[in-house]
Structures are given as C-alpha cells and as structure tokens.
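Right, one structure below, let's go through it.
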Amino acid sequence: MCILFTTMDYTFNAIEAKWRQLWQERKTYQVTEDSSKPKFYVLDMFPYPSGAGLHVGHPLGYIASDIFARYKRLKGFNVLHPMGYDSFGLPAEQYAIQTGQHPAITTKENIARYREQLDLMGFSFDWDREVRTSDPSYYKWTQWIFKQLFNAYYDLSTNKAEPIAKLIAFFEKDGNQSVNAVCDQEEVFSASTWASFSAAEKEAVLQQYRMAYLAESWVNWCPALGTVLANDEIVNGVSERGGHPVEQKRMMQWSMRIKAYAERLLEGLDRIDWTDALKEQQRNWIGKSKGASVHFAVKDTELQIEVFTTRPDTIFGVSFMVLAPEHPFVAQICTADQQDEIAAYQQQAALKTERDRQADVKNISGAFTGAYALHPFTGKEIPIWIGDYVLASYGTGAVMAVPCGDQRDYDFAKHFGLPIPAIFADKDISEMAYAEKDAFIANSDFLNGLDYKAAMEKAIAAIETKGIGKGKTNYRLRDAVFSRQRYWGEPFPVYYQDGLPQLVDDALLPVTLPDVDAYLPTEDGEPPLARAAKEAWSCQLGERMEYNTMPGWAGSSWYFLRYMDPHNQETFADPEKLAYWNQVDLYIGGSEHATGHLLYARFWTKALYDLGFLPFDEPFAKLINQGMILGKSAIAYIGPDQKMYSLDMLPADKEGFREVRILIDLLNDDETIQLDALKSWQPQYAQQEFVCNADGKVLVKREVDKMSKRWYNVVTPDDLCEKYGADTLRMYEMFLGPLEQSKPWDTKGITGVHGFLKKYWRLFHLNGQFEVSDAAPSPVALKTLHKTIKKLTDDLERFSFNTGVSSFMICVNELTEQKCNNRHILEQLTILMAPYAPHICEEIWSQLQPSSSSIFTATYPAFDASFLTESTFDYPVSFNGKMRYKATLELSLSIDEVQAHVLDKPETQKWLEGKTPKKVIVVHGKIVNIVL
RNA sequence: GCGGAUGUGGUGAAAUUGGUAGACACGCCAGACUUAGGAUCUGGUGCCGAGAGGUGUGCGGGUUCGAGUCCCUCCAUCCGCACCA
C-alpha cells in the first residue's frame with residue numbers, strides 16, 4: 001500500500017519530534033536573570049522518580065503550569081520554569097534491600113525514564129537548572145542548611161531565629177534568667193553556673209534551644225523497616241510501605257523546632273494567595289488553642305501534675321484526672337494494690353500506635369492508679385486514672401476530666417462509674433456531655449452565674465493569683481522528628497566527640513553517602529550507615545559519624561531556592577539571584593502535601609529569612625492544588641464454581657462471588673474482556689472458564705479508583721502521545737474539567753480534541769497546501785478573534801484551562817465557517833494557542849514567519865474591544881421569570897424605550913393573555929422580565 | 001466525631017457580579033460522500049408530550065421581578081484530620 005503524504009496532513013509525530021529537537025538545540029527555554037523584564041516564577045512540585053513511570057495523572061499540573069509559563073513569556077515576563085527530582089526515598093531503598101542494587105543506580109534509571117516521558121510532552125522547562133535532591137552537589141547545601149538550624153535558636157524578644165552564639169554570649173554574661181527564647185525546659189542558671197558547666201553540660205543545655213536538636217522522643221518504631229515513621233506514614237496501624245507492624249518506642253532523635261514558628265506559620269497564611277481549604281488544613285494542623293495550664297498536687301507527695309485545658313471555666317466540674325499510660329508520674333504514684341493492673345494496661349497500650357488509640361472511639365479503656373490529686377480550689381480528692389485516649393505527645397500528657405463538658409471524659413466517667421458533677425445551669429447532662437459554650441456556670445463557687453467568656457477570664461485570674469498555673473496558648477503542632485534509620489537519604493553533617501554532636505566543617509561538605517554491604521539496619525538496631533567501613537566515608541571525624549539520615553522532606557524544603565542558582569559552588573544560591581527571582585509566583589501541585597512539604601518549606605524559608613539568607617519569608621505567593629486523575633478499574637466476578645461471570649449473567653444473590661480487577665488494556669471498547677488476552681495475562685487465568693452473556697461476551701463493571709499499578713487501571717501518556725500527539729494530550733488533559741477537581745480518566749473523548757487540532761491545521765491548508773491571505777481581515781473574523789483573545793486571557797488569569805480549550809474550538813469552528821485564511825487573524829490565533837499546543841503552533845509559525853526562531857519570541861495579541869461593539873441586542877423576554885421569546889432591539893434605546901417596544905410586540909400580547917402587567921423589569925443589554 | 005469540598009443530560013462539563021440553564025466536547029440517532037475509513041462533512045439530541053406546551057441544576061423550604069448561583073433544614077458522595085483536652 002502506498003501512503004501519500006501531502007502538506008495537507010497534520011503529521012503530528014514528525015512535527016513534534018522536529019520541534020523537540022530544535023528547542024533543545026536552540027536552548028529556547030533557557031533563562032537568565034534580566035533586570036529589564038519583570039520576572040515570573042512558575043513552579044511544579046517535583047516528582048519522586050518511581051519505577052512505575054508517569055501515568056496520565058502526573059502531567060496534569062505540569063501541563064497547566066507549562067501553559068501558564070508560556071503565556072507569561074509571551075506577555076513579556078522573564079519566566080523561571082524549572083524541573084527536578086525528589087530522588088531520595090524509601091522505594092529505591094526497598095528495592096535495594098530486595099535486589100542488592102544500589103539505590104543510586106535505580107534512581108538514575110528511573111530519572112532517565114521520567115525525563116523521556118516529560119520530554120515527550122513538550123514542556124518548556126529550563127533543564128540546565130535541573131536539581132536532584134540525592135546529588136551530592138545538591139545535598140551539600142541541605143547539610144549546610146541543617147548546620148545553620150543547629151546553630152540557631154528562636155528568640156522570643158526579637159521574635160525570630162538568631163545565631164546560637166548570641167545565646168551563648170547571654171549565658172556567659174547573665175545566665176539564662178533574662179533570656180526569652182523557645183526552649184524545652186526552664187532551669188534557671190546564672191553566668192557563673194554556666195561557666196562552671198562542663199562541655200557536655202553546656203551542650204545539653206544548648207540542645208534545649210537549638211532549632212535542630214537531639215532529644216529523646218516517642219516515635220513510631222517499625223521493627224521490620226528498622227526505622228522511625230512519621231504519623232502520616234502509618235496507615236491502619238501498619239507502615240504505609242510494606243504494611244509492617246509499628247510500635248511506640250522512645251529514641252534519641254534529631255528534631256526540628258517547628259513549634260517555635262507556630263504563630264508565624266499561622267500569621268503568614270493571611271499574606272499568601274492559597275485556597276481557603278488549604279489554609280484551613282494548615283490552621284487545623286497547627287491547632288492553636290487558648291486556655292490555661294494548671295497544676296494539680298498529688299496527695300501525700302511533692303508531685304504536681306500539669307494539665308493544659310481550653311476550658312478553665314469548668315474547673316469545678318473536674319471529677320477525675322487521666323494521664324497518658326506513658327506519663328512519667330504513673331510509676332511513682334501508682335499504689336501497690338493497683339500496680340499489676342496498671343502495668344498490664346501500660347503494656348497493652350504500648351502495642352497500639354497513636355493512630356490506633358485515637359481511632360478506636362468505641363472501646364473505652366483505662367486503669368485506676370490508686371492515687372488522688374487535690375482540687376486546687378476545693379481541696380477535694382480527685383482519683384487519678386490512666387487511659388489511652390490521652391496522648392503523651394500532646395499537651396502535657398495529662399488531662400483534668402470534666403465529664404459534664406467533654407464527651408470523651410463523659411464516656412470515660414460513665415464506663416467506670418465516676419461522678420459527673422453538673423456545673424452548667426439548666427443543661428441536661430443525663431444522656432451526654434454539654435460541650436457548647438453558651439451555658440451559665442453553676443455549682444462553681446466564685447464562677448457561679450458567669451457566662452463562658454467571663455468565667456474564663458475569672459478562672460484564669462484565680463489560677464494565676466493562686467500560683468497554680470497561668471493562661472496559655474497551646475498548639476497541636478509538634479516538633480518534627482528529623483532523623484530516619486534509613487540508607488537512602490542525606491547524611492547528617494555531624495560527628496560525635498566525647499559523645500557530643502559536633503558539626504562537620506563547611507570545607508568538608510558534602511558528607512557523601514558511604515557505600516554499605518547491605519541496606520538494612522545492623523543486628524543491634526543501628527541504622528544502615530553504621531555498616532559503612534571507615535574508609536567509605538568522605539570524612540571521618542571524632543569517635544564516629546552520625547548514622548541517621550535526613551527525612552524525605554529535607555531536600556524538598558528548599559529545592560525551589562536552588563533552581564535560582566543551581567550550579568553555585570560557593571553558596572546555596574547567590575543573594576542577587578534570590579532577590580531577582582524572589583518568591584514563587586505560582587506553585588501547582590497536589591493537596592496531599594498540605595501539612596507536610598508545604599508546612600516544612602514555609603518553616604525553612606522563615607528560618608533562612610530570619611538568619612539573613614533570604615529576602616522573603618513566604619516561599620509560595622500563590623498555590624493551586626490540581627485534582628487527582630482517577631482510574632477506571634475493570635472488575636470481573638469469579639463465582640463459587642471458579643468461573644468468570646459476565647456482569648449481566650450474575651445472579652441476584654452474589655453469595656460466594658468475589659471481585660477481581662482486570663488490566664484495563666485487556667478490554668474491548670464495549671467493556672467486554674478480550675478472553676485470549678486475559679488467559680495469557682496472568683497464569684491464574686490460563687485455564688479460566690467463563691459464563692458469557694447472550695452475545696457470547698464477558699462484560700465487566702467499571703469502578704473509579706485511584707490510578708495505580710495495583711488496580712491495573714493505569715493509562716500512560718506515552719501511548720497517547722504516539723497515537724494522537726503531545727499537543728492533543730496536553731489540550732485534552734486541560735479540556736477534561738477544572739484543574740482543581742478530581743476526575744476519572746476516560747480516553748474516549750480525546751478524539752474530539754484531536755479533531756479540533758486537525759481542523760485548526762486545515763485553516764492553513766484549504767487548497768491542499770499551506771496558504772494564507774494577506775488581505776485586510778474581515779470585521780466578522782476580527783470579531784471572532786478579539787472575542788477569543790478576551791475570553792482566553794480572562795480564562796488564563798483565573799486558571800480556567802478547560803474553558804480556554806473550548807474557546808479555541810469555538811474560534812476555529814467560526815473561522816472555518818467563515819472560510820477565513822487571513823494571515824493576521826490566523827497569526828494572532830496561533831500565538832494565543834501556542835501555550836496549549838506548542839508544537840503545532842511552532843510549526844505553523846515557522847511557515848507564517850520563516851525568519852523567526854520561535855513563536856515564543858512573539859508578542860501576545862492585544863485585545864481591542866472596538867471590534868466587539870454591537871448596535872443591537874437580542875433581549876430575552878421573560879414572563880414571571882420564564883423566558884418566552886427574544887426581541888432584537890437597538891442598544892441605543894433607553895430602558896423606557898425598550899419597555900415600550902417590548903410591550904408593543906405581538907408575542908408579548910400573546911403571553912399577556914389580555915392581562916395588564918403588574919411590573920416590567922428591564923436590565924439594559926441583559927433581560928426584560930414582565931410580571932403578571 | 002470534627003473540618004473541608006462536591007452534587008447540573010447517557011458521559012466529561014459550561015454558565016466569571018443573582019439575569020436566556022446545558023456552551024464546548026464525548027456518546028448516540030439520522031443523512032451525505034463513499035463502499036472497509038477508527039476518515040470527513042451536514043442535521044438532530046435534557047426529560048415528558050404528536051403538538052401547543054409542561055417540566056428540569058441532590059431533597060424540602062426561604063429571600064427576590066428573577067436563584068444552578070444568596071440564606072436555612074436535610075440527604076448523598078469524596079477528601080483530610082482524628083478521643084487534640
């Protein structure tokens with residue numbers, strides 16, 4: 001067969017390959033600082049290069065940001081639009097554990113695959129600025145930032161991070177009495193005491209102040225992975241990766257004092273353009289609550305139990321106390337006869353993860369310590385219990401229980417038969433607690449008759465006067481544990497001398513990741529790096545190097561800064577370049593990072609700002625969350641007889657049937673299974689028997705899931721680029737719906753967008769070859785063009801990419817109808833469309849303007865409203881709000897004239913049915929409504 | 001339980017400040033050109049109804065000349081957090 005190519009054909013494969021190469025050769029997207037242009041920084045959340053490659057969901061945000069970056073470039077901005085890889089992480093390490101292959105090799109291969117796929121899509125990244133978090137030239141500066149944080153403390157009088165040297169100077173002069181800083185403990189010492197401290201004692205004190213510090217903390221320890229997991233890495237009580245059990249363990253860990261920034265992280269949200277939903281998520285995560293800390297004396301001891309309460313106004317309603325099972329006082333206060341019960345309960349609680357403990361609301365459990373606290377105002381004895389609904393890591397790990405005002409306390413009291421004193425006037429607490437704040441206080445001595453606000457104030461004042469506590473603001477946010485017992489992460493720039501942590505000198509950075517013989521922890525539970533031979537380290541100082549590595553979020557907390565100056569050997573980024581590129585103007589990425597990456601990056605930015613390394617304290621001025629693209633899984637049914645049933649052959653009672661997911665590539669267009677393909681897909685189906693429907697087919701059910709290899713519902717961009725071209729795929733992904741919305745992927749509709757591009761192509765090839773007219777454009781074509789310019793620009797400015805695509809379709813439909821091949825019109829349209837479909841537009845442009853090197857050097861079309869002016873308007877005429885007919889009237893008519901004309905129309909007479917209108921509403925240029 | 005989001009044709013969706021509901025596509029139906037093309041073009045397509053017309057944006061109320069849009073109650077789905085004191 002002979003295939004004839006003419007210039008008529010839209011040969012997208014050839015066109016796209018050609019321009020990919022030319023862009024690369026010409027470095028079309030390379031960008032440098034240029035003070036003559038306004039800058040614009042468009043950032044994507046860089047991907048973790050997993051072995052599975054990209055599916056169609058991944059590029060969604062990248063396409064949107066690429067369109068916006070190209071648009072801004074055409075608008076005359078100097079646009080920074082970089083890409084890189086978040087290349088440290090557990091999957092590569094898990095793979096290494098299984099296969100022995102070095103994670104660096106796996107990572108390199110995965111990156112190559114990602115790059116291939118990204119290149120296919122025609123993104124305008126400046127690849128000369130690529131960063132990889134696992135590259136020593138990058139993590140050198142991650143280590144350097146860690147050093148700055150280690151050498152900093154948070155000063156509450158200046159309300160910022162300050163060099164630790166300043167703190168030491170204070171200590172040497174006055175001790176810590178006049179220091180107002182965020183710290184763990186408040187042991188007061190004088191200058192002379194400080195001077196008398198040993199090096200170890202001094203360091204122990206400083207650790208309580210450092211922004212990056214070493215401290216014992218409760219962690220989720222996963223024995224199988226040999227590592228500590230963050231709360232959000234645990235799902236249903238087992239590790240997210242691997243599904244291993246997790247237990248609570250106290251360990252020496254590096255932490256980041258993010259709590260010091262709680263207030264500023266809240267305040268900063270008011271200055272950035274993020275969605276309210278996302279800001280709300282961060283606010284909830286930070287969890288600011290005002291209340292009081294109160295000390296309860298333990299009877300017959302010197303001990304004072306400190307609690308934090310948001311409801312000091314309910315202090316007379318306290319009828320018992322609950323400590324976390326891990327609370328340090330438990331062992332001391334527990335009476336002899338309760339010891340066995342308490343010990344048993346503690347053991348039981350230790351097996352549960354924090355999440356388990358919080359998730360299980362139904363089962364109320366606890367144990368009595370046998371000890372009593374004394375009520376600070378009434379002196380009454382209050383039994384002290386332990387219960388796993390109280391968490392050691394939140395607040396003080398102890399609560400004063402007010403069962404009448406808190407449902408959890410109420411349930412606990414009911415379950416164990418503890419008293420429930422009523423302290424709210426006229427509120428029924430026989431069935432449940434009364435947690436509203438609109439009741440008047442009763443049975444509460446000096447608080448009687450007061451409302452919530454007055455009682456709060458008076459209670460706090462009384463607590464402070466009595467010296468048993470003070471008003472306090474508490475945050476749910478916890479300091480972030482910063483070490484991992486893993487191999488594939490940044491080594492710390494830390495060694496130990498006399499058991500004390502010391503920083504590695506800048507000249508020796510980076511401390512590179514040493515090779516090890518295996519990627520598992522050592523037999524005695526040391527992290528994998530403990531396996532490294534001394535010579536394997538790039539430097540070897542003190543008694544030993546730090547064996548922990550940094551968590552995944554270390555590298556991603558500052559990568560947007562490195563893009564500004566990725567090759568700098570002297571500093572993490574040149575101050576002038578930081579000042580030029582400044583904040584990220586537009587950041588697009590998934591909302592799953594709301595309380596992780598996006599919070600940590602803000603934290604590091606603020607710390608670096610405080611220490612004078614950055615000219616801004618919020619990294620991302622505007623942020624958009626793209627929705628997730630979901631997959632449509634194919635579900636088949638296996639009966640008790642082990643046969644696979646067609647969906648329409650299932651009995652009403654599906655007893656004994658099980659669902660299996662089938663690779664969606666094995667489906668025909670009519671949602672039936674290609675039976676032979678299924679048999680050769682997986683061995684368990686090789687002999688599969690079927691119960692077919694009347695057409696002899698096996699129909700499947702489609703269900704929407706997350707797009708993932710494990711559901712066999714992945715669609716990759718590669719095949720679609722091959723079949724329809726990248727421009728089609730880019731436009732189709734945008735056409736799918738609003739960027740922020742989650743939506744299921746359905747490849748079927750892609751032909752509509754592909755057909756549109758062909759139709760656009762035909763505008764230039766009406767007579768079998770490229771041909772445009774240089775005549776003056778017609779008014780009707782100008783109207784179509786300027787309508788499109790207006791709509792497109794408005795749509796882009798509000799990130800409505802889907803309606804943008806349909807505007808192009810409308811425009812091309814109209815121009816086709818007008819048989820328009822006017823050069824001016826088509827040139828302007830091509831520039832408009834170039835951000836969405838860069839390859840085809842670049843190709844057309846090269847024919848329109850052969851001397852131009854790229855369409856992206858062109859100027860964005862200017863909108864001229866004069867082409868859209870109309871002299872008449874089709875007024876929709878409504879009766880009682882129902883549109884009945886349209887009246888074409890001159891726009892020059894006044895409201896009264898419009899009313900007169902409309903009332904005069906025979907259609908109006910028909911709908912009036914002889915009645916007189918009660919009222920006529922005329923909105924000029926909009927609508928006429930006649931009220932009967 | 002708390003917080004957030006969403007609910008519009010067979011499907012994805014549009015309607016930016018309260019002003020013609022369903023743009024633009026997919027799919028489907030008819031037809032043209034043709035006779036193997038998964039091509040292109042034309043027309044139709046919310047639902048009920050022969051039609052006139054009625055009806056219609058999760059349910060039920062309300063405000064308004066006018067409500068997908070604003071307010072209240074409820075329902076459903078999804079996401080996040082989760083005994084946060």
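Chain identifiers are assigned alphabetically (A, B, ...) following the order of the sequence lines, protein sequences preceding nucleic acid strands; residue numbering begins at 1 within each chain.
Residue-level contact check: A:I921 touches the bases, meaning some heavy atom is under 4.0 Å from a base atom. Backbone-only contact: A:V931 has heavy atoms under 4.0 Å from sugar-phosphate atoms and none from a base. Across all strands, A:P738 comes closer than 4.0 Å only to sugar-phosphate atoms, never to a base (heavy-atom distances). Among the atoms of the strands shown, none is found under 4.0 Å from any heavy atom of A:E740. Residue A:W274 is out of contact with every strand shown, counting any heavy-atom pair closer than 4.0 Å. A:K723 comes within 4.0 angstrom of a nucleotide base, judged by non-hydrogen atoms across all strands. Using a 4.0 Å heavy-atom criterion, one finds that A:R283 contacts no nucleic acid atom at all.
Look at A:K919 and you'll find a side-chain N or O under 4.0 angstrom from OP1 or OP2 of B:C65. Contact annotation: A:K910 reaches the phosphate of B:G53 (side-chain N/O to OP1 or OP2, under 4.0 Å). One finds no side-chain N or O of A:R476 lying less than 4.0 angstrom from the OP1 or OP2 phosphate oxygen of B:C2. Using a 4.0 Å cut-off, some side-chain N or O of A:Q741 falls inside it from OP1 or OP2 of B:A13. Side-chain N/O atoms of A:R702 include none lying less than 4.0 angstrom from OP1 or OP2 on B:U11. Between B:C24 and A:N813, no contact under 4.0 Å exists linking OP1 or OP2 to a side-chain N or O.
Judged by atom type and distance alone, A:K886 reaches the base of B:U20 through a side-chain donor-acceptor pair under 3.5 Å.
Here the nucleotide nearest the side chain of A:R408, chosen from B:A25, B:G4, B:A85, is B:A85. Which of B:C65, B:A21, B:A25 sits closest to the side chain of A:M809 comes down to B:A25.
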